[in-house]
Amino acid sequence: MKISRIDHLGIAVQSIDEVLPYFENVLGLKCYAVEEVADQKVKTAFMKVGEVKLELLEPTCEDSPIAKFMANGGKGVHHVAFAVEDGVANAIAEVDSKGIRLIDKAPRRGAENMMIAFLHPKSTAGVLTELCEPAK
Ligand code: ZN
């Protein structure tokens with residue numbers, strides 16, 4: 001697997017509207033896209049920090065994975081997303097062969113027209129890990 005960079009950090013929030021003034025008015029970042037990912041039951045907001053993006057994740061219903069994360073006491077950084085150069089499907093097959101627990105057994109479509117797959121934090125030093133690449 002060839003990881004080229006950190007694509008984004010996912011940050012779990014109760015409300016994008018409530019926290020956006022911090023990111024925009026205090027840190028001086030600019031939200032350039034808000035997108036709902038129905039599949040994941042989240043609303044996302046994206047900001048660029050150099051080459052890395054921040055992805056704010058707001059649950060859209062109570063059984064959203066983000067709602068569950070926060071209900072279990074989680075807050076703040078939710079996942080790290082690495083951009084892979086040789087395909088998410090190839091990367092999943094490789095980590096699977098190395099005994100890493102997968103959340104997604106096949107790539108699926110995420111926000112920003114990316115193909116993504118999550119690895120289980122039990123296998124990744126406690127850090128929920130996303131592998132991603134632009135969809136073709
Ligand atoms: Zn993400």
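Each ligand, and each atom within it, is numbered from 1 in the order the structure gives.
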Total protein N, O or S atoms, the Zn ion (ligand 1), separation less than 2.8 Å: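 Atoms of protein N, O or S type lying less than 2.8 Å from the Zn ion (ligand 1) total 4.
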Residues, nucleotides or ligands: over 12 heavy atoms within 6.0 Å of Glu51 CD: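 Counting other residues, nucleotides and ligands, CD of Glu51 stays at 12 neighbours or fewer.
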Sequence neighbours excluded, every pair satisfying salt bridge (charged side-chain N to carboxylate O under 4.0 Å, His left out) that has a member inside residues 13-29: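 Residue pairs passing salt bridge (charged side-chain N to carboxylate O under 4.0 Å, His left out), neighbours aside: Glu24-Lys30.
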Pairwise salt bridge (charged side-chain N to carboxylate O under 4.0 Å, His left out) hits with a residue in residues 90-103, at least two apart: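 Sorted result for residues 90-103: Glu94-Lys98.
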Polar side chain donor-acceptor pair, His8 to Glu112, under 3.5 angstrom: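 Distance-only check fails for His8 and Glu112.
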Test item: side-chain donor near acceptor, Glu55 and His78, under 3.5 Å: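 Side-chain D/A pair, Glu55 to His78: absent.
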Set of ring pair (Phe, Tyr, Trp, His ring centres under 6.0 Å) partners for Phe82, sequence neighbours left out: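 Here no residue qualifies.
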